[in-house]
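Only one structure is covered here, and it is reproduced in the block below.
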2 protein chains.
Amino acid sequence: MAFAKDQSAGYLANHMARIFAHGLTARIKPLGLTTGTFPALLELWDTDGLTQKQLVERLDIEQATMANTLARMERDGLIVREKDTNDGRVQRVWLTDRARNLRGPAIAAAQEENAVRLAGHTDDEKRQFIALIQKVIKTKTPEEPGDT
Amino acid sequence: MAFAKDQSAGYLANHMARIFAHGLTARIKPLGLTTGTFPALLELWDTDGLTQKQLVERLDIEQATMANTLARMERDGLIVREKDTNDGRVQRVWLTDRARNLRGPAIAAAQEENAVRLAGHTDDEKRQFIALIQKVIKTKTPEEPGDT
DNA sequence: ATCACTTGAATAGCAAGCTATTCAAGTGAT
DNA sequence: ATCACTTGAATAGCTTGCTATTCAAGTGAT
């Protein structure tokens, strides 16, 4: 029952993700951003004023995690949350000017990080790599419809 | 300045790692194990009685993280820590019987999780996938010798 | 022998995840 | 109108990770 951690997809996936996160953390720190805000920001840069529910649906992130992330984002002046007038349960999320202005540099930082990490890969390898990861991710959703 | 998150290696790496972690968490929960203990356990199953320092050197994990993980492992009866007689600063880490006995089922769980996640990949794709991730990881170390 | 430096480990404090639970607002059936 | 159910969001409590700092034990030079 041998187990080589550097041959285990899951182990390697975790390790690689930490490396990416570490690099991106450093790159966006000067912007006053942290990695956890990225998914929400990407959605909001595209469509401002989404509800928390909609953000959760668009991203594979739990509701509680999103609530916490949004709370930090509000604290840090990236978003404002306001109650929907029609439905008092709904919170709409709006970007602040500051957050809107960070789009360019933040995306640039992410692209730089990706570029550095994949510097050793040929263009073909990069494409394969992305495709293979996407396949792992897609393998999930249909199988585990659970997700409560 | 478009940015498609499902084309971003870093974004995908994070997402994939969470999927693997989620699956493994469920599989090893019945064993009373959590994912964070896995790296240390693998090293100790191979070589019992390592020091914390040695564990940190063998794994790309920060000293503080390891200290916390070991504290949880001790609390949960997976390890015992004892002071080295030669050097009072050194803590040697020894597996308990319980932890030793978990090796088989834990490794089986990890292998099952890997298998399920890669079920959509051909053998060739699996090999490529592992190789491509390894390359990303290796791209790191030489570049950032800092790590302190 | 003492004092500065080094080194191994622990602690403080935070981010980003998760599960499970609670709270508040709406909705529907009686 | 009321009471049960649903639904959106918040909270509690935990793990895993990080950086920065502190503490304690050894080591070396004077």
Side-chain angles (χ1 to χ4, degrees), chain A residues 11 14-26 28-29 32-41 50-57 59-76 78-79 81-93 146-148, chain B residues 11 14-26 28-29 32-41 50-57 59-76 78-79 81-93 146-148:
Chain A
Y11 195 106
N14 169 272
H15 193 176
M16 176 172 68
R18 284 191 289 115
I19 290 171
F20 271 109
H22 190 258
L24 184 59
T25 297
I28 62 181
K29 190 174 185 177
L33 289 179
T34 56
T35 56
T37 67
F38 235 96
L41 284 174
L50 292 171
T51 68
Q52 187 185 119
K53 179 89 190 304
Q54 289 173 315
L55 283 168
V56 167
E57 281 165 5
L59 305 166
D60 187 12
I61 285 179
E62 292 300 321
Q63 177 267 322
T65 301
M66 183 56 69
N68 282 327
T69 300
L70 291 175
R72 266 180 278 118
M73 290 173 77
E74 190 161 41
R75 179 200 65 189
D76 298 342
L78 292 169
I79 57 165
R81 283 186 284 187
E82 65 175 33
K83 274 215 168 66
D84 189 290
T85 36
N86 303 333
D87 188 335
R89 292 168 301 180
V90 175
Q91 295 268 349
R92 292 205 169 266
V93 180
D147 281 350
T148 308
Chain B
Y11 196 105
N14 171 271
H15 193 177
M16 175 172 67
R18 283 191 290 115
I19 290 171
F20 271 108
H22 190 258
L24 185 58
T25 297
I28 61 181
K29 190 173 185 177
L33 288 179
T34 57
T35 57
T37 66
F38 235 95
L41 284 174
L50 291 171
T51 68
Q52 187 185 119
K53 179 89 190 304
Q54 290 173 315
L55 282 168
V56 167
E57 281 164 4
L59 304 167
D60 187 12
I61 286 179
E62 291 300 321
Q63 177 267 322
T65 301
M66 183 55 70
N68 281 326
T69 300
L70 292 175
R72 266 180 278 117
M73 290 173 76
E74 188 161 40
R75 179 200 64 189
D76 297 341
L78 292 169
I79 58 164
R81 284 185 284 187
E82 64 175 33
K83 275 216 166 67
D84 189 290
T85 35
N86 303 332
D87 188 337
R89 293 167 301 181
V90 175
Q91 293 268 350
R92 292 206 168 265
V93 180
D147 279 352
T148 292

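Each chain gets a letter, A, B and so on, in the order its sequence line appears, and its residues count up from 1.
Closest to the side chain of Thr51(A), from the set dC18(C), dT11(C), dA9(D), is dA9(D). In the set dA9(D), dA25(C), dC18(C), dC18(C) carries the atom at the smallest distance from any side-chain atom of Asn68(A). Minimum atom distance to the side chain of Glu62(B) is reached by dC18(D), of the listed dA10(D), dG13(D), dC18(D).
Across all strands, Thr34(A) comes closer than 4.0 Å only to sugar-phosphate atoms, never to a base (heavy-atom distances). Across all strands, Thr25(B) comes closer than 4.0 Å to no nucleic acid atom at all (heavy-atom distances). Base contact: Ala64(B) has a heavy atom under 4.0 Å from a base atom. Here Arg81(B) lies in heavy-atom contact (under 4.0 Å) with sugar-phosphate atoms only. Residue Arg92(B) is classed as having no contact, given no heavy-atom separation below 4.0 Å to the nucleic acid. Looking at heavy-atom distances under 4.0 Å, Gln91(B) makes contact with sugar-phosphate atoms alone, never a base. If you check every strand for non-hydrogen atoms under 4.0 Å, Thr69(B) touches nothing.
When the nearest nucleotides of DNA chain D are assigned to Lys29(A) and Val90(A) by heavy-atom distance, the more 5′-ward of the two goes with Val90(A). Position along DNA chain C of the nearest nucleotide to Arg18(B) versus Asp84(A) favours Arg18(B) as the more 5'-ward residue.
Contact between the side-chain N/O atoms of Asn14(B) and the OP1/OP2 oxygens of dG17(C) is found at a separation under 4.0 Å. Proximity of Arg75(B) to the phosphate of dT15(D): a side-chain N or O atom is located under 4.0 Å from OP1 or OP2.
Nucleotide dC18(C) holds its P atom 10 Å from the CE atom of Met66(A), rounded to whole Å. Summarising the geometry, the separation between NE2 on His22(A) and P on dT19(D) is reported as 4 Å, rounded to the nearest angstrom.
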